[in-house]
Asker: 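Have a look at the structure that comes next, please.
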Amino acid sequence: MGVLGLKTFIESSNRNDLRSWAFRDNRLIIDGCNLYYTLYFDCNLDQMHGGDYDAFEEVIIRFFENLRDCDIHPYVVLDGGADHTDKKWDTLRKRKQEKIKAAFALSAGKRARVLPILIKNVFRQLLHKLKVPLIQCLEEADWEIAALAKEWNCPVLSNDSDFYVFNLTAGFLPITHFRWKNMKVNRRINKKFIQAKHFTVGKFCESFRMNPELLPILATILGNDYVKLQNIKSLDWEKYSVPDTEHAQIHGLLNWLSQFPGPDAAVSALLKLTRNKEKPLVQEALSKGIQEYKLISGYLAQFFHSKTIPRTASIGPLQVLPKWTLRLLLEGKISSSIIDALVHQRVSLTIQVEDFQLPCSSETSRPIRQVIYGLLLLGEQHTADKLELAIKTFTGRSKHYVEEYGRQQSKLSSQKVEAIKTRLSFEEPHNVRLQVLLDTLCVSSEILREIQPALQLQLFVTRYWLVNAQPPPSQVHLWGLLLGMVYGQFSSTPQTQRGTCSVCHHCHKLQTGRKRISLEHETAHLYSQWQSCLKWSLCLNRLLCFPVSEPEVARYNIHLLLINHLEKLRRGITLPSLLVKGSSTERLFKQLKDAVVSLVGEDFIKKMRTGLKHRAAGKTQKDYSGQNPPIDELSSWFEQLMCEDIDDCEDDDDDDDFNGKRRKSKAKDHKTENPDVSYTIRTRHKAKARNADHPSKKYTRGCFD
């Protein structure tokens, strides 16, 4: 939700509606979705290359540590599914098209804002790890947040302008003015606090001598996500404003409303300004708008206190879910997408920064979602009565569909996707639920013993991705992905234990030298597909009550790391120069490599294109596909990978590669000892990347020199 123009009006420089507050020692209700959205973009984290999850994790940890140091007790509330009345659907469609437009702009090298696909997973996992109280609402969270804040008499932290309308005694703290990074100390009591700006409806309305109950009428006229009264909004309200006043339209409307004792009188006056044929619609819209901001007790307080499942979850479509699933849903451990699939038979797919000339990256993960839809809509837990209540069908009696909203090039599109029946109830034993997951990802149960539990899901997803991604991934993409996994596993270890991790050393430079780097569209599209497969595999695994261990998603900000690994690999830097011989990182890489080979077969790996580009005699040739790569000093690392042990493969250039002087020489001219053979990065801006003054060049050199 949000009221058009109200935030700008209240926060304008010539008003004094926001007052300073040294905030500490209090409960704080946090709009979770608004928080992670604001913090991600305020910290300028990566948007073009699949996300910067571990850096985001550091930001979130610091945020909640600072709250704790100020004795602030946070309660985080997340949005759930769309409203059951679907009254916001038109707004959601428009926002979806805006997100597609933004992702397309980023893919073309322009500026825009797009959240990475796994950011909500990272946020939820981390808050559970930090033991921060968290609830995911069944529908939109704004009303429930306001109701809880009123019940507990504590402020709300958000950037949503609707909280300028809810009449909360303890008020509202805009995130924009919440100086959480720079705590201060009250010298009198020697306690830390966070400097904030504080808004209350009471004081705001006092400045206009207006009844606070009239404020929802203002919001309805200005327009929010549910109601838009354009004909009334466009009336000449400026004539009621003081001359030369900033935002005169809103100021004049407030002055006009202040003459009425309450909402009924104001609505009657507005109807007199409306044409007869429009009066019924206007009256209904105003009535609904006023109701949107009326607060009674919600279900959040009871759930935070005793994990009690609200009564609204046990009626209607959600009743088909067992209590343990509903509890996980409310705890934020299961994606809210299942609510939309059950209630509306509709799912909105996350748009990523990818190649917009290719089909949407979410298409690769569609078979995984079809199994999820089948569990929700066709499971044996449905009785005839529940089925009639819970499911609307598009066509036929035996088939059920979910409408997926994604993109067709740069336009919003939808497609009806059939739910696949699995003949599984949620109460099945572990081995049956595990088999559903394995069958979905096309993995044999015999391979389970060969892969340690902590690595199973991401490797199963990698196997699925290798077989189904389009265009097919190259060997460079695969080995780069595994290098990213190695970094992900070791990045969470203390710095003192990373001494032998060359991958971590290079990636640490990457994390501390965040500069813009150009987008390679094929790589972006492939790793967008991998992340989409991981997202929906996580959802399926949770819905099946975790038949395999869930990985920490923050460890897999794959794409941003991989573009740098890929550059080194394509330049011919061999794996031993990234994986120190005999180190734990080398052993982990070999373990991952062996697992992937066992999942897809050695022949499958050998038939993959290498991903290298070969330049000979001044002419660029296509990369090698379907054949073993040529044996030379720059591609011999492929053959090393297929050896039984990386250590046993000899490469006379490895020691030279590790030599600092040689490495600087390579970084300077990107050439091998053989002047007739060189390899280049496959980007759309190769000429610019070779320019030492270009940002992407500086970024790359900063990571690996």
Side-chain angles (χ1 to χ4, degrees), residues 7 10-11 13 15-46 52-78 115 119-120 122-135 145-146 148-149 152-161 163-164 168-200 203 304 491-492 494-495 508 511-512 514 554:
K7 177 181 173 67
I10 290 174
E11 297 184 11
S13 58
R15 294 197 56 80
N16 191 32
D17 298 316
L18 298 177
R19 293 174 169 82
S20 293
W21 188 5
F23 186 66
R24 61 161 280 100
D25 193 20
N26 205 337
R27 284 174 168 175
L28 181 64
I29 312 301
I30 299 177
D31 180 347
C33 295
N34 215 283
L35 177 68
Y36 67 67
Y37 181 94
T38 302
L39 293 186
Y40 195 90
F41 292 126
D42 282 356
C43 294
N44 297 316
L45 301 181
D46 172 74
D52 203 347
Y53 299 128
D54 58 342
F56 175 69
E57 184 181 54
E58 292 174 9
V59 172
I60 296 300
I61 290 172
R62 183 184 169 195
F63 178 85
F64 285 101
E65 284 179 345
N66 287 4
L67 294 188
R68 181 195 60 201
D69 291 345
C70 297
D71 297 317
I72 298 169
H73 308 288
Y75 292 83
V76 178
V77 184
L78 295 171
L115 279 175
I119 201 70
K120 192 173 182 180
V122 172
F123 186 71
R124 290 182 303 197
Q125 279 188 341
L126 184 56
L127 263 59
H128 288 128
K129 187 176 179 180
L130 296 174
K131 301 188 184 306
V132 175
L134 167 71
I135 186 171
I145 289 172
L148 180 62
W152 284 358
N153 193 27
C154 61
V156 169
L157 181 70
S158 177
N159 265 340
D160 193 324
S161 55
F163 293 108
Y164 286 122
L168 305 176
T169 306
F172 167 50
L173 306 178
I175 297 177
T176 309
H177 303 283
F178 193 70
R179 308 302 180 197
W180 65 272
K181 293 181 182 178
N182 302 306
M183 293 181 294
K184 296 183 178 180
V185 178
N186 185 328
R187 300 298 179 188
R188 183 174 60 84
I189 59 175
N190 196 32
K191 298 287 187 180
K192 293 180 180 180
F193 66 89
I194 293 174
Q195 194 66 51
K197 293 288 187 180
H198 184 222
F199 174 89
T200 60
K203 290 182 178 179
F304 274 130
S491 63
S492 59
Q495 188 66 37
H508 177 68
Q511 302 303 321
T512 56
R514 305 175 188 280

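Heads up: numbering here begins at 1 and tracks the sequence.
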Asker: For residues Val122 and Ile60, determine if any side-chain heavy atom of one lies less than 4.5 Å from a side-chain heavy atom of the other.
Answerer: no
Asker: Quick check: Trp21 with Phe23 (ring centres under 6.0 Å apart)?
Answerer: yes
Asker: Indicate yes or no: at least one non-hydrogen side-chain atom of Ser161 is less than 4.5 angstrom from one of Glu11.
Answerer: no
Asker: So do the side chains of Thr176 and Lys197 get within less than 4.5 Å of each other, counting heavy atoms only?
Answerer: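 A side-chain contact is absent here, since even the closest heavy-atom pair is not under 4.5 Å.
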Asker: Let me know which of Lys192, Arg27, Arg24 forms a salt bridge (charged side-chain N to carboxylate O under 4.0 Å, His left out) with Asp71.
Answerer: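 Testing Asp71 for a salt bridge (charged side-chain N to carboxylate O under 4.0 Å, His left out) against Lys192, Arg27, Arg24 leaves exactly one candidate, Arg24.
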Asker: Looking only at heavy atoms, what is the nearest atom pair of Asp31 and Phe163, with distance?
Answerer: OD2-CE1, 4.1 Å
Asker: Could you check if a side-chain atom of Phe56 sits within less than 4.5 angstrom of a side-chain atom of Leu126, using non-hydrogen atoms only?
Answerer: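 With C-beta onward as the side chain, the pair stays apart.
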Asker: Taking the side chain as C-beta and beyond, is there a heavy-atom pair between Asp54 and Asp52 under 4.5 Å?
Answerer: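 A side-chain contact exists here, since the closest heavy-atom pair is under 4.5 Å.
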Asker: Is there a side-chain contact between Arg179 and His177 in this structure, where contact means two heavy atoms from C-beta onward sitting under 4.5 Å apart?
Answerer: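 When only atoms from C-beta onward are counted, His177 and Arg179 do touch, with a gap below 4.5 Å.
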Asker: What distance separates Leu173 CG from Asn159 CG, expressed to the nearest 0.5 Å?
Answerer: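 Spacing of CG (Leu173) from CG (Asn159) equals 11.0 Å.
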Asker: Under 3.5 Å, side chain of Arg15 to main-chain N/O of Ile10, donor-acceptor pair present?
Answerer: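 Here the side-chain-to-backbone pair does not exist.
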Asker: Please walk me through it: do Thr38 and Phe178 pass side-chain contact (heavy atoms from CB on, under 4.5 Å)?
Answerer: CA-CA 11 Å; Thr38 302; Phe178 193 70; over 6 Å; no
Asker: What is the distance from atom SG of Cys154 to atom CG of Leu148, rounded to the nearest 0.5 Å?
Answerer: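 It is 6.0 Å, given to the nearest 0.5 Å.
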Asker: Specify whether Tyr164 and Phe172 have parallel, tilted or perpendicular ring planes, treating 30° as the upper limit for parallel and 60° as the lower limit for perpendicular.
Answerer: perpendicular
Asker: Do the side chains of Phe63 and Ile30 get nearer than 4.5 Å, heavy atoms only?
Answerer: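 With C-beta onward as the side chain, the pair touches.
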Asker: Let me know which of Ile72, Leu157, Ile194, Ile175 forms a side-chain contact (heavy atoms from CB on, under 4.5 Å) with Trp180.
Answerer: Ile194
Asker: What closest approach, in Å, do Gln125 and Ala554 show between heavy atoms, and which atom pair accounts for it?
Answerer: OE1-N, 4.5 Å
Asker: Which atom pair, heavy atoms only, marks the closest approach of Ala146 to Leu168?
Answerer: O-CD2, 3.4 Å
Asker: Would you give the length of the straight line joining atom CG of Leu127 to atom CG of Leu134, rounded to the nearest 0.5 angstrom?
Answerer: 5.5 Å
Asker: With Phe123 as reference, evaluate Tyr36, Tyr37, Tyr53 under the ring pair (Phe, Tyr, Trp, His ring centres under 6.0 Å) test and give the passing residue.
Answerer: Tyr36
Asker: Show your reasoning for whether side-chain contact (heavy atoms from CB on, under 4.5 Å) applies to Leu78 and Arg124.
Answerer: CA-CA 9 Å; Leu78 295 171; Arg124 290 182 303 197; 3.6 Å; yes
Asker: Minimum heavy-atom separation for Pro155 to Asn26, with atom names?
Answerer: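 For Pro155 versus Asn26, the nearest heavy atoms are CD-ND2, 4.1 Å.
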Asker: Might you work through the side-chain contact (heavy atoms from CB on, under 4.5 Å) test for Asp42 and Val59, ending with a clear yes or no?
Answerer: CA-CA 10 Å; Asp42 282 356; Val59 172; over 6 Å; no
Asker: Does Lys7 have more than 12 heavy atoms from other residues, nucleotides or ligands lying within 6.0 Å of its NZ?
Answerer: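 Buried by this count: over 12 neighbours within 6.0 Å.
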Asker: Using every non-hydrogen atom in the two residues, find where Ala22 and Gln195 come nearest and quote the distance to one decimal.
Answerer: N-NE2, 4.1 Å
Asker: Taking all non-hydrogen atoms of both residues into account, name the closest pair between Leu67 and Pro74 and its distance.
Answerer: CD1-CB, 3.9 Å
Asker: Are any of the side-chain heavy atoms of Pro174 and Leu18 separated by less than 4.5 Å?
Answerer: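 Pro174 reaches Leu18 side chain to side chain.
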